[in-house]
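To keep things clear, I will list the structure first and then write my remarks on it.
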Number of protein chains: 2
Amino acid sequence: MEDPGLNETKYHHGNLKQALVEAGLDILREDGLAALSLRACAARVGVSHGAPKNHFATLAVLQAAIVAEGFRQFAATMRRHMNAAAKDSKTQVMASARGYVAFAEANPDLFRLMFSMERQLDVYPDLMPASREAYAVLREVTQRIAPDSCENPVHQTTNETMLWTFIHGFANLKANRQFYTSNAETGKDPELEDVFPKLSYVELED
Amino acid sequence: MEDPGLNETKYHHGNLKQALVEAGLDILREDGLAALSLRACAARVGVSHGAPKNHFATLAVLQAAIVAEGFRQFAATMRRHMNAAAKDSKTQVMASARGYVAFAEANPDLFRLMFSMERQLDVYPDLMPASREAYAVLREVTQRIAPDSCENPVHQTTNETMLWTFIHGFANLKANRQFYTSNAETGKDPELEDVFPKLSYVELED
DNA sequence: AACAAATATAGACAGCGTCAATATTTTCGT
DNA sequence: ACGAAAATATTGACGCTGTCTATATTTGTT
């Protein structure tokens, strides 16, 4: 097969590897984590049930590839929110947090899979760079909001940890609809703005 | 069967329902979430693969029962930490947080299952009271540390949300070993004390 | 053109959730 | 106390799953 135009179409299917990852993301979004299977991805793409074996030795390896792509889209979502916002430090922090939470709410199953799989980051080496890409965004906004403490790596790490911990907790509770169920009586489903700016980042240095 | 002594032994197995839940907790602790199956629980207890059907119509229902028991143990862990600590407000808050994080670290798979299942809290009604039992602990310590704002339910809810969000985020990241992998270069695995007291609860009222 | 590597197919097997049919035990009304 | 009814456990079946093996097809290289 000559394949003049596009550069990806290889042969029978033309890169099946990427297609399986995207099928997995679709299944995750449409039918949830329980429906994510090697055979379902293969069927969705239109290949036999054994075909994925050539690209992903096991289901966990395919999941790792899906999670890696998830981390890339995760970082992209945060950067998109940041680009659409004003460029002062506080607004940028809030924008990244908004992106973080928006991604978790839009892709709850993927989000859960991402952060439950990263435990085995050493087993699936593709995960590391993708995870770093997302974490770099957090590091970036943290450096901007507390630049004077950057010279002290301990303080910098603490800032990152605090910011990340809080955003991650909020995103998790939002993704799992935990706020709604626990505050059912009050009917409160808090927004990020209600609670986020009350943290005193600037007072971290003492 | 007369059953003179113990009050629980019913007939063939004697309450299988509770035994299956405990088997599920063991499997979750020893072999992880992927190994949690109806058949595995049945085999561990020593009954046939169809026996659980009488008590749990489906795997999800058994998981809900396991999660409910998990929430009860979760609340008990927090209270145990609180009872072992000094009784001033700040120490009590820290003790509950320590219990929260300790439980998540000791039972990562159960912890994940708990907070991913609570989304369907309406589907499995047994979850609600157990979940409330755990949330009540958080509400309790929050009321103690910011008592003056209790008259305003909005402030109270915000305090709870902030505290919970932060602790939950920290527990999640700890349970998933996320800190370790992300701060691998610095070798930092932050402890709760490093980061928790820097939040300024007392300044929430403004 | 021919051979080797990559890639896809097809079949098999065990484990799983779930359902239906059956057997056993307990409980309850009389 | 006894038989009926309900609760509980067993067994077998079905389709789905991951994974392995053998086989076929396509691609790339020489």
Side-chain angles (χ1 to χ4, degrees), chain A residues 1-24 27-28 30-67 109 113 117 120 123-124, chain B residues 1-24 27-28 30-67 109 113 117 120 123-124:
Chain A
M1 184 179 300
E2 298 80 29
D3 184 86
L6 304 173
N7 56 352
E8 293 289 354
T9 320
K10 281 187 179 178
Y11 69 111
H12 218 168
H13 175 274
N15 67 349
L16 176 60
K17 192 166 184 173
Q18 182 65 18
L20 287 170
V21 170
E22 286 171 6
I27 292 173
L28 221 39
E30 297 170 11
D31 305 323
L33 180 57
L36 180 64
S37 68
L38 277 172
R39 290 171 111 108
C41 290
R44 194 182 185 99
V45 170
V47 295
S48 71
H49 71 268
K53 188 66 178 296
N54 298 302
H55 306 279
F56 305 105
T58 180
L59 172 62
V61 177
L62 171 58
Q63 285 176 332
I66 292 170
V67 163
D109 287 279
L113 184 61
M117 189 143 220
Q120 308 147 308
V123 182
Y124 309 104
Chain B
M1 185 180 299
E2 298 82 27
D3 184 86
L6 304 172
N7 55 353
E8 294 288 354
T9 320
K10 282 184 176 177
Y11 68 112
H12 219 169
H13 174 274
N15 67 348
L16 176 59
K17 192 167 184 172
Q18 182 66 17
L20 287 170
V21 170
E22 286 172 5
I27 290 173
L28 221 40
E30 296 170 11
D31 305 324
L33 180 56
L36 180 64
S37 68
L38 277 171
R39 290 171 112 108
C41 291
R44 192 181 186 98
V45 171
V47 294
S48 69
H49 70 265
K53 188 67 178 295
N54 298 303
H55 306 281
F56 305 105
T58 180
L59 172 62
V61 177
L62 172 58
Q63 285 176 333
I66 292 171
V67 164
D109 287 280
L113 185 61
M117 189 145 220
Q120 308 147 307
V123 183
Y124 309 104

Which atom of [X] lies closest to which atom of [Y], heavy atoms considered:
{"X": "B/Ala19", "Y": "B/Val45", "result": "O-CG2, 3.7 Å"}
{"X": "B/Leu38", "Y": "B/Pro52", "result": "CD2-CB, 3.9 Å"}
{"X": "B/His49", "Y": "B/Ala42", "result": "CA-CB, 4.2 Å"}

Problem - Qualifying residue for side-chain contact (heavy atoms from CB on, under 4.5 Å) with B/Gln63, from B/Val21, B/Leu36, B/Thr58, B/Leu28 - result: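 Exactly one pass, corresponding to B/Leu36.
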Practice task
Among B/Ile66, B/Leu62, B/Leu16, find the residue that satisfies the side-chain contact (heavy atoms from CB on, under 4.5 Å) test when tested with B/Phe56.
Solution key: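 It is B/Leu62; the other options fail the test.
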Exercise for the section: Would you indicate, yes or no, if D/dA9 has its OP1 or OP2 atom less than 4.0 angstrom from a side-chain nitrogen or oxygen of B/His55? Expected result: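 Answer is yes, contact under 4.0 Å.
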Exercise for the section: State whether A/Lys53 places a side-chain N or O below 4.0 Å from either non-bridging phosphate oxygen (OP1 or OP2) of D/dT19. Expected result: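 No, A/Lys53 has no side-chain N/O under 4.0 Å of OP1/OP2 on D/dT19.
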Round to the nearest Å and state the distance from [X] atom [atom1] to [N] atom [atom2].
{"X": "B/Lys17", "N": "D/dA9", "atom1": "NZ", "atom2": "P", "value": "12 Å"}
{"X": "A/Phe56", "N": "C/dA6", "atom1": "CZ", "atom2": "P", "value": "17 Å"}
{"X": "B/Asn15", "N": "C/dT26", "atom1": "CG", "atom2": "C1'", "value": "15 Å"}

Handout entry: 5′-ward residue of the pair A/His49/B/His49 relative to DNA chain C
Key =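 The answer here is A/His49.
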Handout entry: Of the listed nucleotides C/dA8, C/dC19, D/dA9, the one nearest the side chain of B/Asn54
Key =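 Of all the options, the side chain of B/Asn54 is nearest to D/dA9.
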Exercise for the section: Tell me which nucleotide among C/dG11, D/dA9, C/dT18 gets nearest to the side chain of B/Thr58. Expected result: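 So the side chain of B/Thr58 is nearest to C/dT18.
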Handout entry: Residues that B/Gln120 engages under side-chain hydrogen bond (donor to acceptor under 3.5 Å, both in side chains), provided they are two or more places apart
Key =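 If we apply the side-chain hydrogen bond (donor to acceptor under 3.5 Å, both in side chains) test to B/Gln120, skipping adjacent residues, there are no hits.
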Practice task
Could you check which residues of residues 31-43 of chain B get a heavy atom under 4.0 Å from DNA chain C? Sort them by number, please.
Solution key: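 Residues of residues 31-43 of chain B that come under 4.0 Å of DNA chain C are, in numerical order, B/Ser37, B/Leu38, B/Arg39.
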